[in-house]
Protein chains: 4
Amino acid sequence: MNRSSTPALPRFVPLTPRGQRTREKLLRAAQTLFGDKGYEHASIADITREAEVALGTFYVYFPDKQSIFVEVVDELGARLRRLLAEAVARCEDRLAVEREGLRTFFQFASRERHLYRIVRQAEFVDEACYRRYYERFARGYVSGLKRAMDAGEVRRMDPEVLAYCLMGMGDFLGMRWVLWEGDSGLEHVLDTAMALLRHGLETRAAGMPAPDKKRARKPRASRSKTS
Amino acid sequence: MNRSSTPALPRFVPLTPRGQRTREKLLRAAQTLFGDKGYEHASIADITREAEVALGTFYVYFPDKQSIFVEVVDELGARLRRLLAEAVARCEDRLAVEREGLRTFFQFASRERHLYRIVRQAEFVDEACYRRYYERFARGYVSGLKRAMDAGEVRRMDPEVLAYCLMGMGDFLGMRWVLWEGDSGLEHVLDTAMALLRHGLETRAAGMPAPDKKRARKPRASRSKTS
Amino acid sequence: MNRSSTPALPRFVPLTPRGQRTREKLLRAAQTLFGDKGYEHASIADITREAEVALGTFYVYFPDKQSIFVEVVDELGARLRRLLAEAVARCEDRLAVEREGLRTFFQFASRERHLYRIVRQAEFVDEACYRRYYERFARGYVSGLKRAMDAGEVRRMDPEVLAYCLMGMGDFLGMRWVLWEGDSGLEHVLDTAMALLRHGLETRAAGMPAPDKKRARKPRASRSKTS
Amino acid sequence: MNRSSTPALPRFVPLTPRGQRTREKLLRAAQTLFGDKGYEHASIADITREAEVALGTFYVYFPDKQSIFVEVVDELGARLRRLLAEAVARCEDRLAVEREGLRTFFQFASRERHLYRIVRQAEFVDEACYRRYYERFARGYVSGLKRAMDAGEVRRMDPEVLAYCLMGMGDFLGMRWVLWEGDSGLEHVLDTAMALLRHGLETRAAGMPAPDKKRARKPRASRSKTS
DNA sequence: CATGAATGAGATTTCATTCAT
DNA sequence: AATGAATGAAATCTCATTCAT
């Protein structure tokens, strides 16, 4: 269905400063337009118009449309990973890492609403680029989790499965409360997600026996904090 | 970027059984091709060729390409929800529900690899249809979770946030181990996911006191670099 | 560019009364739709929908789209000619004939706004039908004018040229003040047209010498009645 | 039924002389083909073939088929108005203006047989463009007639009604004797039209008393039944 | 007579890409 | 490096007409 790209190496020999600037303008414009209109509906003409260069100039810097898309996705992923790395560095324990990571991701997604749209399209434009995006994330995530397991902060389980669980959670929460809802109630979302991560689904608090289901139902409803 | 659809009423009602059959053939073909080549790369001509009808026949049953896509997505969602409902009905407790739900989803995604490709594209083809897909899922999920909370099987937290967490987990696990990996090691994946859901991330086993966080963590805090 | 039709003979053998009624419904619907949307944009499906019969029924009564169009035009022309004949019969002198003829035409055009649109399109649908429409008009007109000339009511000149002059006047006045303007000030339009027909353009009243151009310019402006 | 255009500003300004030339070729080809086959039957492919450019080139210069049509009509009108203005400038009195105007129109229509076909179609392609065509003509006509009235050369009457009368005459005479008949006997047609314009329909010669209407007509009125 | 599903040619329009300047 | 005119393949959609029932 689509050609696959080699991991984003710089595609051209070094450029003059002027060329560098033009290339940047094109990447900026492409990011905007792929985000706004989608890959298929954003034409090269749109991109060059937005970048304020002539149509033909595009092909001086990129061999084809797919290439600039891949570069946009790779760059976006790198930027987000850098932000997350910074956030993680500020955290004391693993749960804080998870919370700050989610928060950073939400902020990024909110500032750059293109993110979701662009990355998801990659699946149909260049599958390799799409997988690369998530695999790189997972790689970082896995090594963080392993360290936390070694430190006894996180229960031992397959860190890769865990990483995909956590990425999926973040992705869907962001979709629902950042993209669709427009950032409303994000702290509450974070609280809930952290509660899940801290204790799992089950009711029995650490060290306490599970309540008898049949009898316990109603009484507990009083302190409910469901939305 | 895209028009939004009203909740999929069949637009053109074929009057004869022959017409019904043709319509079905088109829907089958569309599902296959949208899954294989993606919405943008599957042309009406491809679909009618696959369905073994003439090009013009398409427009007897659907006003445009978007409409058949929406119908395919809605139908796919309905089928999956039905399967899940059946799976849930077989389960005793909530954790079993989660596990069976995931397993059912993985099986479905494995049999109909189109699922991912098709649903994800909806975001760019018809946003309303895309949100509808997840919101319907969420609705069912939320009511199931509420019941479980009332029954004391699940800790009280915002069930909608929880639903999106769980859907995201399932989505990413399916993407990674069904779509990319081809169903290998699914039981292990389920085990890991269930471990997370059962206890959360933390190390203290159920019924055991949590390690004293303050003491265990501090050493690391010294090189924190809060910004 | 287009096929030419033979003068509208009934195209099919006599029909049952029920068939006659269906045929009429189709003709009515076609007239409406050709008038509203134009020949090219009115589809057979539109016509049968408007006539409340099935698509295939059309081809029971007409061999193709062009045929029904020609029949509509021929019928429209016949109706207008009949109306004009009645109007003429009520008139005493030739100028009254012209005035009543114009008035009748305007009324008809106003009631059936389709007229203009339909007939004019004929030029591109079936040229023979188009010429036939005007030639039949002209034929009647010419014989009327000849009689008037024989009676000494109208100056002798080529009656056919005259007929086209008068038809052209009527056509354009109707276009401007019925179609575009919506029937406003029609009596004034008739007055002006009749003044032209009565005296021609020139200023000198019958039996009076023409005014000296150079000197006479300003004084006369006082009794102007221009709109 | 049709969209309406704003008064034809060129929409796409070609920047290079080469582009200018291509644009001209397309306009020429469009004029030819709209005239020959009609708007609906002349396809963009026909036009680009005639202009000897590739299909896609059309859309470099015109956003759609309607636009080039409007431009063709506007241009045709402008050319005819220019010719008429030149003809009028050569004339001494108003009747000469009318005669020369008609002659010029006939010559133009004869050289560019497209004229009729093209302008008349405008009614169904772009109504605004169609009205604009005649209204611009009428504007010039009206101001000429007003001057002539002020000069005492033409009897005072509503100049706009008069203008449409005269345009209608010209239009139908041209249709009949240029388009259908192929320029035969045009001087005779002009003579007849001028006789009408000079004296009107009535028999009384200039400077002679009109015949007593009442007495001369009655006898004949009884059997009049012109169709 | 009446139906309406099926057809496929053909029309408009888009757009990634090339290339001469 | 930069330009923008030119290209033509391909896509969507329309619709007059046919035909089996």
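Residue numbering restarts at 1 for every chain, and letters A, B, ... go by the order of the sequence lines. Nothing here was measured: the structure is a model prediction, and the numbers come from that model.
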By nearest-nucleotide position on DNA chain F, the 5'-leaning member of V53(D) and A42(B) is V53(D)

Rounded to whole Å, CD1 of I68(A) lies from C1' of dT17(E) at a distance of 15 Å

Walking DNA chain E from its 5' end, the first of D46(D) and A54(B) to be reached, judged by nearest nucleotide, is A54(B)

When rounded to whole Å, the CD to P distance for the pair Q20(A) and dA1(F) reads 11 Å

Check: Is there a donor-acceptor pair under 3.5 Å between the side chain of Q121(D) and the backbone N or O of Y39(D)?
Finding: yes

Ring pair (Phe, Tyr, Trp, His ring centres under 6.0 Å) filter on Y130(D), not counting sequence neighbours, yields Y134(D)

When you check the phosphate oxygens OP1 and OP2 of dA2(E), does a side-chain N or O of T22(C) lie under 4.0 Å from one of them?
yes

Scanning both residues in full, the closest heavy-atom pair of K65(C) with E40(C) reads NZ-O, 3.8 Å

On DNA chain E, more 5' by nearest nucleotide between Y39(D) and I44(A) is Y39(D)

> Ion pair present between E24(D) and R28(D), side-chain N to carboxylate O less than 4.0 angstrom?
Replying inline: yes

V60(B) has its side chain closest, among dC13(F), dT12(E), dT7(E), to dT7(E)

I47(B) atom CD1 is separated from dT7(E) atom P, nearest whole Å, by 16 Å

Going by an N to O cut-off under 4.0 Å, is there a salt bridge joining R117(A) and E123(B)?
no

note: Q66(D), atom CD; dA11(E), atom C1'; distance rounded to Å ~ 15 Å

note: R49(B), atom CZ; dT7(E), atom P; distance rounded to Å ~ 14 Å

From CD of E52(B) across to C1' of dA5(E) the rounded distance in Å is 17 Å

Stem ranges of DNA chain E by first residue number, counting only runs of at least 3 Watson-Crick or G-U pairs under 3.5 Å, come to E:2-21 with F:2-21

By side-chain hydrogen bond (donor to acceptor under 3.5 Å, both in side chains), E112(C) pairs with (sequence neighbours left out) Q31(C), R79(C)

Between CZ of F58(D) and P of dC15(E) the distance, given in whole Å, is 17 Å

Across the strands shown, which category fits T57(D) at heavy-atom distances under 4.0 angstrom: base, sugar-phosphate, nothing? base

Looking only at atom types and distance, does a side-chain atom of D36(D) sit under 3.5 Å from a main-chain N or O of L33(D), one as donor and one as acceptor?
no

Atom CD of E40(B) and atom P of dA16(E) are separated, to the nearest Å, by 11 Å

Q. Which is true for L55(A) with a 4.0 Å heavy-atom rule: it touches a base, it touches only sugar-phosphate, or it touches nothing?
A. base

Here the pair of heavy atoms bringing F69(A) nearest to I118(A) is CZ-O, 3.4 Å

inquiry  = If I pick the C1' atom on dC1(E) and the same atom on dT21(F), what distance separates them, to the nearest angstrom?
reply    = 13 Å

Closest of dT13(E), dT12(F), dA6(F) to the K65(B) side chain is dT12(F)

Ranking dC13(F), dT17(E), dT13(E) by distance to the side chain of Y59(A), first place goes to dT17(E)

